[in-house]
Amino acid sequence: MEILKTLSYVGTMDVLFTICKGKSKFTDIMFETELNPGILNRLLKTLLSADILLKDKDGYHISDRGARIVLYTVKILDTESGQPNEEYKHLIESLTARVEGQKANA
């Protein structure tokens, strides 16, 4: 249930989608999501502690666990709209390939 609480924070999905699109630096994420730096900092710390994100010298990245979580969430959002969403389609394809790669390596 903790994961649902984390995902429910305002801006969390925007942050995750932004990082999935390749933006990994704090300032890039902040400008893309239009989140206050303090709120973004707290969100990133929460996502790091939940093992949804990883951080290295290049910035923030989706973890393997995070990839699965974002994939399932995007699939839910895509079915909700009733019509295929091209942005969701691209994310679903790239995340599915990553998740299937994880399974093959396990």
Side-chain angles (χ1 to χ4, degrees):
M1 287 305 223
E2 191 65 29
I3 191 67
L4 294 176
K5 180 179 174 186
T6 300
L7 294 176
S8 72
Y9 295 140
V10 172
T12 300
M13 294 313 300
D14 292 333
V15 168
L16 293 174
F17 289 163
T18 298
I19 293 171
C20 283
K21 289 191 252 177
K23 308 251 183 192
S24 63
K25 301 285 186 190
F26 184 91
T27 52
D28 293 334
I29 298 166
M30 182 181 69
F31 286 118
E32 178 81 17
T33 61
E34 298 180 359
L35 288 172
N36 170 292
I39 291 171
L40 178 58
N41 188 47
R42 281 190 299 276
L43 267 178
L44 291 170
K45 285 181 180 180
T46 300
L47 293 167
L48 285 167
S49 68
D51 295 322
I52 295 171
L53 292 182
L54 304 170
K55 183 180 178 188
D56 62 20
K57 62 180 174 58
D58 296 323
Y60 295 91
H61 309 280
I62 298 289
S63 68
D64 290 344
R65 179 177 190 231
R68 289 190 310 274
I69 290 167
V70 174
L71 174 61
Y72 302 144
T73 305
V74 172
K75 283 183 174 182
I76 291 168
L77 293 172
D78 194 43
T79 61
E80 179 183 303
S81 67
Q83 296 201 21
N85 179 310
E86 284 303 311
E87 184 177 351
Y88 290 163
K89 181 181 176 185
H90 174 71
L91 270 175
I92 290 169
E93 289 171 358
S94 64
L95 290 169
T96 298
R98 179 173 173 178
V99 168
E100 287 175 357
Q102 293 168 14
K103 289 179 186 176
N105 293 329

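Fair warning: this is a prediction, and the values are worked out from it, not measured in the lab. Hydrogens, waters and symmetry mates play no part in the numbers below; they use all other heavy atoms, side chains included.
Taken together through direct or relayed side-chain contacts under 4.5 Å among Ile, Leu, Val, Met, Phe, Trp and Tyr, Leu4 and Ile62 form part of one hydrophobic cluster.
No side-chain heavy atom of Leu91 sits under 4.5 Å from any side-chain heavy atom of Asp78. Side-chain contact between Phe17 and Leu77: present, with at least one pair of heavy atoms (C-beta onward) separated by less than 4.5 Å. When side chains are defined from C-beta on, Lys21 does not count as touching His90, because their heavy atoms never get closer than 4.5 Å. Leu48 places a side-chain heavy atom less than 4.5 Å from the side chain of Tyr60.
For Glu93, the side chain to side chain contact (heavy atoms under 4.5 Å, CB included) criterion is met by Lys89, not counting sequence neighbours. Taking Glu87 as the reference, nothing meets the side-chain hydrogen bond (donor to acceptor under 3.5 Å, both in side chains) condition, with sequence neighbours excluded. For Asp14, the side chain to side chain contact (heavy atoms under 4.5 Å, CB included) partners are Thr33, not counting sequence neighbours. Remark: Asn36 pairs with Ile39 by the side chain to side chain contact (heavy atoms under 4.5 Å, CB included) rule, at least two apart or across chains. For His61, the side chain to side chain contact (heavy atoms under 4.5 Å, CB included) partners at least two apart in sequence or on another chain are Ser24, Asp56, Asp58. Among residues two or more places apart in sequence or in another chain, the side-chain hydrogen bond (donor to acceptor under 3.5 Å, both in side chains) test is passed with Lys45 by none.
Taking NZ of Lys55 as the reference point, atom CG of Leu47 lies at 13.0 Å (rounded to 0.5 Å). Atom CG of residue Leu40 and atom CD of residue Glu34 lie 12.5 Å apart, to the nearest 0.5 angstrom.
Nearest heavy atoms, Leu7 versus Thr12: O-CB, 3.8 Å.
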Given Ile3 and Ile52, is the side chain to side chain contact (heavy atoms under 4.5 Å, CB included) satisfied, shown in steps?
CA-CA 9 Å; Ile3 191 67; Ile52 295 171; 3.2 Å; yes

Which is it for Leu35 and Met30 under the side chain to side chain contact (heavy atoms under 4.5 Å, CB included) test, yes or no, and what are the steps along the way?
CA-CA 5 Å; Leu35 288 172; Met30 182 181 69; 5.6 Å; no

Please step through side chain to side chain contact (heavy atoms under 4.5 Å, CB included) for the pair Glu32 and Ile29, ending with a clear verdict.
CA-CA 5 Å; Glu32 178 81 17; Ile29 298 166; 5.8 Å; no

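Using modelled atom types, no side-chain atom of Ser63 and backbone atom of Leu54 make a donor-acceptor pair closer than 3.5 Å.
Residue pairs meeting the salt bridge (charged side-chain N to carboxylate O under 4.0 Å, His left out) criterion with at least one member in residues 61-71, sequence neighbours excluded: Asp64-Arg98.
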